[in-house]
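For this chain, numbers begin at 1 and follow the sequence in order. Note that the coordinates shown come from a computational prediction; the quantities given were computed from them, not determined experimentally.
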Amino acid sequence: MDLHELIRRGEGEELEFKQKTTHPHRISRTLASLANTRGGQVLVGVDDAGRVLGVRDAEEEVFMLLDAATNYVEPPLTGLQFREIETEGRTVLVVTVPESLNKPHRAQVAPDDWRGYVRVRDSSVQTSGLTEKLLTRQQPDARFEHLPLNKQELAVIDYLKNHPRITLAQFMKLVNFGKRRAFQTLIKLVLHGYIRHHDKEKEPYYTL
């Protein structure tokens, strides 16, 4: 996929635009969140509106990104790939962040303050203890095999094909389950890779 096709896609779970790398603290959150989720790309030299502004010094940007990945992410991230693309007389740095084999990663947001992040749509969202436990179980090379789903489990998948998210209360109402049974069902689906758990808003929710 070429640069302009990427930009037309817009920011999302696997794509972030950065006008420039201002500080390792800030970019470390993006790098950790991509590595903790499904991997993705960062376009440095593209603003939030998708305009190509270019970078002044690509080598300096690469140095800053490697510094962030090595010293501001724990455990450190390896395997970042960099590609410079010239367009409209400007240079855009395409940074590819692979999904990590060593989740969860935390980003240093302040001295002695390390926090986990995952991608939710086009944002890096802070994780909680439960999310980090789930990430540990969701390494790319050790995912659970998909299992046959029962009627209630299929109901979650069907619901999420037509709605952006579902909460525990919505699922309880959908299948007429009690809270404990409904929660166990949703977490089972998360652990087996069918849906994803998000818990840093007022009410936890689940997405495909």
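- Counting heavy atoms from C-beta on, the side chains of P204 and H198 never come closer than 4.5 Å.
- Between Q108 and E74 the shortest side-chain heavy-atom distance does not fall below 4.5 Å.
- Heavy atoms of other residues, nucleotides or ligands lying less than 6.0 angstrom from CD of E60 number 12 at most.
- Side-chain contact between L189 and L149 is present, with heavy atoms from C-beta onward closer than 4.5 Å.
- In terms of modelled atom types and a separation under 3.5 Å, the side chain of E11 and the main chain of F17 share a donor-acceptor contact.
- Between L174 and I166 the shortest side-chain heavy-atom distance falls below 4.5 Å.
- Hydrophobic clustering of Ile, Leu, Val, Met, Phe, Trp and Tyr side chains at less than 4.5 Å, counting indirect connections, keeps I7 apart from L53.
- Across all non-hydrogen atoms, the minimal contact from P24 to A68 is O-CB, 3.8 Å.
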key: Test log, rule side-chain contact (heavy atoms from CB on, under 4.5 Å), inputs H4 and E88   = CA-CA 11 Å; H4 292 288; E88 303 168 13; 3.5 Å; yes

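- Side-chain atoms of N36 come within 3.5 Å of backbone atoms of Y117 as a donor-acceptor pair (strictly under, hydrogens ignored).
- When every heavy atom of P98 is checked against every heavy atom of G79, the shortest pair comes out as CD-O, 3.6 Å.
- More than 12 heavy atoms of other residues, nucleotides or ligands lie within 6.0 Å of CG in N150, so this atom counts as buried by the packing criterion.
- Taking the six-membered ring for Trp and thresholds of 30 and 60 degrees, F171 and F177 have ring planes more than 60 degrees apart, a perpendicular arrangement.
- Side-chain contact between M64 and K20: absent, with no pair of heavy atoms (C-beta onward) separated by less than 4.5 Å.
- When all heavy atoms are compared, the tightest approach of G45 to V92 is O-CG2, 4.2 Å.
- The shortest side-chain heavy-atom distance between L65 and L93 falls under the 4.5 Å cut-off.
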request  = Test side-chain contact (heavy atoms from CB on, under 4.5 Å) on R38 and R119 and set out the steps.
outcome  = CA-CA 8 Å; R38 296 176 183 170; R119 293 291 288 184; over 6 Å; no

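- Here the rule is side-chain contact (heavy atoms from CB on, under 4.5 Å) with T22, and of R26, Q19, H25 only R26 fits it.
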task = Decide side-chain contact (heavy atoms from CB on, under 4.5 Å) for Q170 and E203; before the verdict, give the C-alpha distance in whole Å, the side-chain angles of both, and the deciding distance to 0.1 Å.
result = CA-CA 11 Å; Q170 289 170 331; E203 183 177 16; over 6 Å; no

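- To the nearest 0.5 Å, atoms OG1 (T167) and NZ (K173) are separated by 10.5 Å.
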inquiry  = Could you go through T185 and V175, starting from their C-alpha distance and side-chain angles, then the distance that decides it, and tell me whether this counts as side-chain contact (heavy atoms from CB on, under 4.5 Å)?
reply    = CA-CA 11 Å; T185 300; V175 297; over 6 Å; no

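- There is no path of hydrophobic side-chain contacts, each under 4.5 Å, that joins L31 to Y72.
- Both L80 and V44 are members of a single hydrophobic cluster when ILVMFWY side chains are connected at heavy-atom separations under 4.5 Å.
- Minimum interatomic distance between L168 and A182 (heavy atoms only, all atoms of both residues): CD1-CB, 3.7 Å.
- Cluster membership check: I27 does not share its hydrophobic cluster with V109, using side-chain heavy-atom separations under 4.5 Å among Ile, Leu, Val, Met, Phe, Trp and Tyr.
- Both V73 and V42 belong to a common hydrophobic cluster when Ile, Leu, Val, Met, Phe, Trp and Tyr are linked at side-chain heavy-atom distances under 4.5 angstrom.
- Taking the side chain as every heavy atom from C-beta outward, T37 and R196 approach each other to under 4.5 Å.
- Considering OG1 of T207 and CZ of R165, their distance stands at 8.5 Å, rounded to 0.5 Å.
- Note that the CG atom of L15 and the CG atom of L43 stand 5.0 Å from one another [nearest 0.5 Å].
- Of all heavy-atom pairs between A35 and H105, the closest is CB-CD2, 4.2 Å.
- Closest of all the heavy-atom pairs between A107 and A32 is CB-CB, 4.2 Å.
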